[in-house]
Amino acid sequence: MHIGLIGLGKMGFNMRERLRKGGIEVTGLDRNPEVTDVSSVDELIAAVPAPRLVWVMVPAGDITDAVITELGTKLEPGDLVIDGGNSRFTEDQKHGAALAEKGIRFVDCGVSGGVWGLQNGYGLMAGGGADDIERALPVFDALRPEGDRADSFVHVGGVGAGHYAKMVHNGIEYGLMQAYAEGYELLAAKEIVTDLPGTFRAWQKGTVVRSWLLDLMVKALDEDPGLASIDDYVEDSGEGRWTVEEAIANAVPAPAITAALFARFSSREDNSPAMKMVSALRHQFGGHSTRPAK
C-alpha cells in the first residue's frame with residue numbers, strides 16, 4: 001500500500017517511520033526541506049497511485065483548512081483524505097461535505113500517543129463511512145500497537161465522530177494531569193514527606209492510580225527532581241475548551257475537566273508547583289514546549 005502524508009512535524013515524522021516499518025510505502029510532504037520527500041502537493045499526488053489515500057497531519061484550524069481545500073482542487077473522484085490532526089468535529093463535517101461534492105472521500109481520525117507513538121503505537125479514533133474505514137484499515141493497523149485491534153482502534157461513527165472522541169479523550173487527559181499535579185503539590189508542601197519521587201514511583205505497580213501518565217511523572221522527576229527548570233505557565237491546545245463547550249451545549253456536568261481547564265488559565269498568573277508538573281507532563285507525553293523558569 002502506498003499513501004501520501006502531509007505534515008512531518010513532531011507527530012507526522014514519527015508516523016511516517018512507523019508506517020514504513022509496518023510495510024506501508026509513504027510519500028511525505030513538509031515545508032521543511034530536510035524531512036520532506038517531495039516539494040509540492042502536485043508532486044505528492046503524482047507519486048501516490050490512484051485511487052489515492054492522503055493523510056493530513058498539520059496543525060488544526062486555518063492550516064488544515066488550506067491543505068484540505070487545496071487537495072479538493074487537485075485530487076480525483078474516489079481518492080480518500082484522512083485528517084489526523086486535532087481538528088474540531090464541526091470542521092470535519094464541513095470538509096467532508098465539500099470534498100463529497102467532488103467525489104472525494106473523507107475520514108477524520110483522532111490520534112493519541114504523542115512523541116512515544118513511534119515506539120509504542122498510536123491510539124486511533126476514526127469517523128467516516130464504513131467502506132472508507134475498511135479501505136484505510138491497513139494504515140490504521142500499521143499505526144496502532146500490536147494486539148487486538150479493538151484495544152487501540154475504534155470506528156466511532158460518521159464524519160466528525162473520530163475527532164469528537166479525541167476531544168473528549170483530551171478533556172479527560174486534562175483532568176487526570178491536574179489530579180496528579182495537585183497531589184504532587186500537596187506532598188511537596190508537607191515536611192514529613194522526605195522522598196517525594198519515591199512516593200510516585202511506589203504507585204506505579206499495584207495501586208489504583210497507576211497509569212502511563214504516572215510513569216511519565218516519575219520520569220519527569222528523575223530528569224528534574226524539583227522541576228526547577230520549568231516555568232508554571234501551561235498552554236491549552238483547544239480540545240479542553242471544546243470539551244467544556246460541548247458539555248455546556250449538552251447539559252452534561254463536567255466539573256473536573258472544567259476545573260482543570262481553568263487551572264491552566266490560572267497558571268498564567270500565579271507561581272504554582274502543580275502547574276509546573278502539568279507543564280512537565282505535557283512535555284513528557286507530547287513533546288510540548290515548556291517555558292524556562294523565571
Side-chain angles (χ1 to χ4, degrees), residues 1-20 22 24 26-30 35-37 41 44 48 52-72 75 79-96 99 104-118 120-129 132-145 149 152-170 237-239 242 285-287:
M1 191 171 188
H2 185 171
I3 74 166
L5 175 60
I6 299 178
L8 301 171
K10 286 181 293 188
M11 289 281 283
F13 182 86
N14 284 344
M15 289 170 65
R16 179 178 63 176
E17 298 310 301
R18 186 170 178 88
L19 285 166
R20 287 173 172 171
I24 306 293
V26 182
T27 297
L29 171 64
D30 194 90
V35 300
T36 195
D37 299 316
V41 169
L44 180 140
V48 178
R52 301 169 186 84
L53 192 161
V54 179
W55 189 299
V56 177
M57 203 69 195
V58 299
D62 292 342
I63 297 176
T64 293
D65 190 63
V67 170
I68 292 178
T69 298
E70 182 178 3
L71 288 173
L75 290 176
D79 290 345
L80 171 62
V81 175
I82 300 178
D83 179 5
N86 279 328
S87 295
R88 187 163 185 163
F89 73 99
T90 49
E91 291 298 294
D92 296 323
Q93 293 163 350
K94 181 184 76 174
H95 292 147
L99 292 175
I104 301 168
R105 310 301 300 169
F106 180 79
V107 165
D108 59 286
C109 184
V111 181
S112 181
V115 295
W116 295 85
L118 173 59
N120 299 335
Y122 300 88
L124 305 167
M125 297 142 268
D132 297 326
I133 299 297
E134 182 70 25
R135 175 176 165 186
L137 274 181
V139 177
F140 297 139
D141 283 342
L143 287 171
R144 66 177 179 82
R149 183 184 289 152
S152 55
F153 170 82
V154 59
H155 178 195
V156 186
V159 169
H163 279 148
Y164 196 93
K166 178 58 163 47
M167 175 193 73
V168 175
H169 165 283
N170 282 24
S237 53
E239 295 92 338
W242 301 341
F285 75 77

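Excluded from the calculations below are hydrogen atoms, water molecules and symmetry mates; all remaining heavy atoms, backbone and side chain alike, are included. The shown structure was predicted, so the numbers you read here are calculated from the model rather than taken from an experiment.
Note that CE of M57 is 12.5 Å distant from CG of D30, once rounded to the nearest 0.5 Å. Interatomic distance, CE of M167 versus CH2 of W242, reported as 9.0 Å (0.5 Å rounding).
Minimum interatomic distance between G129 and H155 (heavy atoms only, all atoms of both residues): C-CE1, 4.2 Å. Of all non-hydrogen atoms in I104 and L71, the two that sit nearest each other are CD1-O, 4.2 Å. In this structure, V26 and R20 approach most closely via the heavy-atom pair O-NH2, 2.9 Å. A pairwise comparison of heavy atoms in A126 and F153 identifies CB-CE1, 3.9 Å as the closest pair. Looking at every heavy atom in both residues, L44 comes nearest to G28 through CD1-C, 4.4 Å. Nearest heavy atoms, R18 versus L118: NH1-O, 3.0 Å.
Between D92 and K166, none of the side-chain N atoms (NZ, or NE/NH1/NH2) sits under 4.0 Å from a carboxylate O, so this pair counts as no salt bridge.
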(request) Take L19 and W55 through the test side chain to side chain contact (heavy atoms under 4.5 Å, CB included) and record every step on the way to the result. (result) CA-CA 12 Å; L19 285 166; W55 189 299; 6.0 Å; no
(request) List the steps and the verdict of side chain to side chain contact (heavy atoms under 4.5 Å, CB included) for F140 and I133. (result) CA-CA 9 Å; F140 297 139; I133 299 297; 4.3 Å; yes
(request) Quick one: do V48 and L53 satisfy side chain to side chain contact (heavy atoms under 4.5 Å, CB included)? Show the steps, please. (result) CA-CA 8 Å; V48 178; L53 192 161; over 6 Å; no
(request) Evaluate the criterion side chain to side chain contact (heavy atoms under 4.5 Å, CB included) for residue pair R16 and V35; output intermediate values, then yes/no. (result) CA-CA 11 Å; R16 179 178 63 176; V35 300; 4.2 Å; yes
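Judged by distance alone, the side chain of R144 and the main-chain N or O of G121 form no donor-acceptor pair under 3.5 Å. Remark: side-chain polar atoms of R52 are not paired, donor with acceptor, to backbone N or O of D79 under 3.5 angstrom. A distance-only check finds a donor-acceptor pair linking the side chain of D108 to the backbone of G162 [under 3.5 Å]. Not a single donor-acceptor pair under 3.5 Å links the side chain of H169 to the backbone N or O of V111.
Every residue meeting the ring-ring contact (aromatic ring centres under 6.0 Å, His included) condition with Y164, not counting sequence neighbours, appears here in chain and number order: F89. Take P138 and apply the side-chain contact (heavy atoms from CB on, under 4.5 Å) test, not counting sequence neighbours, and it matches M1, I24.
D83 is listed as a side-chain neighbour of H163, based on a closest heavy-atom distance under 4.5 Å.
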Output side-chain donor-acceptor pairs under 3.5 Å for residues 2-15, partner residues at least two apart or in another chain, one line each.
unit_1: H2; atom_1: NE2; unit_2: T27; atom_2: OG1; d: 2.8
unit_1: K10; atom_1: NZ; unit_2: G287; atom_2: O; d: 3.3

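Checking D65, T69, T64 one by one against H95, the side-chain hydrogen bond (donor to acceptor under 3.5 Å, both in side chains) holds for a single residue, D65.
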